[in-house]
S.K.: 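Here it is, the structure in full.
Ligands are counted one by one from 1 in listed order, and the atoms in each one are counted from 1 as well. Every value quoted in this text rests on a predicted model; they were computed, and no experiment measured them. If you read the sequence from its start, that first residue is 1, and numbering goes on from there.
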Amino acid sequence: MKAILCTHFGGPDELEFKDLPDPSPGSGEVVVAVKSAALNFFDTLIIAGKYQLKPPFPFSPASEFAGVVERVGAGVTGLAAGDRVLGYGGFGAAREKVQIGAQRVVKIPDKLDFDRAAGVTVIYGTTLHALKDRAKLKSGETLAVLGASGGTGLAAIEIGKLMGAHVIACASSDDKLAFCRERGADEGINYAKEDIKEALRRVTKGKGADVIYDPVGGSYAEAALRSIAWQGRFLVIGFAAGEIPKIPLNLALLKGCDIVGVFWGAFIERDPQGHQANMAELVRWADAGQISAHVHATYPLAETPAAIKAIADRKVMGKVILHP
Ligand SMILES: NC(=O)c1ccc[n+]([C@@H]2O[C@H](COP(=O)([O-])OP(=O)(O)OC[C@H]3O[C@@H](n4cnc5c(N)ncnc54)[C@H](OP(=O)(O)O)[C@@H]3O)[C@@H](O)[C@H]2O)c1
């Protein structure tokens, strides 16, 4: 089989496109023929050695995928060759075949296409956990989403609307904001043109946002927190801007607000049943067209370096998909 391999930490152009022997399933495992693999922002970090997870070399990037079960190992029940599935392994999906524990794949309905299915797990899984389990977002509350046209941002717009929130998309260009409105955002703030603190106050008529979803960090985080509502919740999702902000704690005191950490990767290990329930909900929503898993672009597997560069260059709206 063909695979994209990271043999040492470096940039996207240092990835190698290689032949590997086909895998065999061990006990409790399946082998899936990958039809679509989805990239995330953290793939820009994992190949550079800048992510919290550092897999042993050589490894493939791309943590999530959709495809067809090809072989089933001893002891596996409920899955058979030919089943259409999506799956999440943390890394390792940028290859033609994935060998993975059967509990890490979920069957998908016939009409959910592989490209959309591949990109459901990370961005929507993170966001459902963030908005439902961590922020306890309530219908009628105001939700401000930073980096709103990116993967997790798009998921926050769509799940926020499904949960009944008034959604304010915040992004760096008018094109990105137009995309966010098409996906359901009620309002838009261009933080490249306007100070996000003043803009959030203006849009919420001085009250501030009840929940702030921040996958960007950098200088936006503190400015956004300064306009959170009384007893609001600020969700720490990620730091795509590169800088981890240092927040003055008096802001939490003055706003009576919560600064809430979200670590989806740890959640799925610590609460597998909660994760499975969330995934069942997400597959239902995707099947019903209630979440889009919008595909920005698809790339042949050999062009994985270009796909990763598009994410790092801040050009992507929604998901980037690889086709082995
Ligand atoms: N906490 C968790 O459990 C969890 C789970 C999944 C992902 N994450 C993290 O969440 C963050 C976002 O992931 P994602 O998949 O949504 O990424 P993405 O699709 O690349 O979107 C990130 C957004 O951040 C903004 N941005 C600002 N400065 C940027 C820069 N220098 N480079 C790239 N983007 C920049 C961009 O929007 P504008 O141009 O509009 O500013 C971009 O759309 C990452 O740090 C990721 O590791 C955390």
S.K.: Is Phe263 isolated, or which residues cluster with it under the ILVMFWY side-chain rule of less than 4.5 Å, directly or via members?
M.R.: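 Phe263 clusters with nothing; isolated.
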S.K.: So, are Lys132 and Glu281 salt-bridged, with charged N and O less than 4.0 Å apart?
M.R.: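 Salt bridge absent between Lys132 and Glu281.
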S.K.: What distance separates Arg95 CZ from Leu301 CG, expressed to the nearest 0.5 Å?
M.R.: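 Result: 10.0 Å between the selected atoms.
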S.K.: Specify whether Tyr51 and Phe42 have parallel, tilted or perpendicular ring planes, treating 30° as the upper limit for parallel and 60° as the lower limit for perpendicular.
M.R.: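 Answer is parallel, since the angle falls under 30°.
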S.K.: Check the side chains of Glu269 and His275 for a donor-acceptor pair under 3.5 angstrom, ignoring hydrogens and angles.
M.R.: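 Their side chains do not contain a donor-acceptor pair, so the 3.5 Å distance test is not met.
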S.K.: I would like to know whether Asp115 and Lys319 meet salt bridge (Lys or Arg N to Asp or Glu O under 4.0 Å); could you show each step before the answer?
M.R.: CA-CA 9 Å; Asp115 283 354; Lys319 298 297 295 181; over 6 Å; no
S.K.: Under a strict 4.0 Å criterion on non-hydrogen atoms, which protein residues are in contact with ligand 1?
M.R.: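 Its neighbours under 4.0 Å (heavy atoms only) are Phe41, Phe42, Val122, Thr126, Gly147, Gly150, Gly151, Thr152, Ala171, Ser172, Lys176, Tyr191, Pro215, Val216, Ile237, Gly238, Phe239, Ala240, Ala241, Val262, Phe263, Trp264, Ile311, Ala312, Arg314, given by chain and number.
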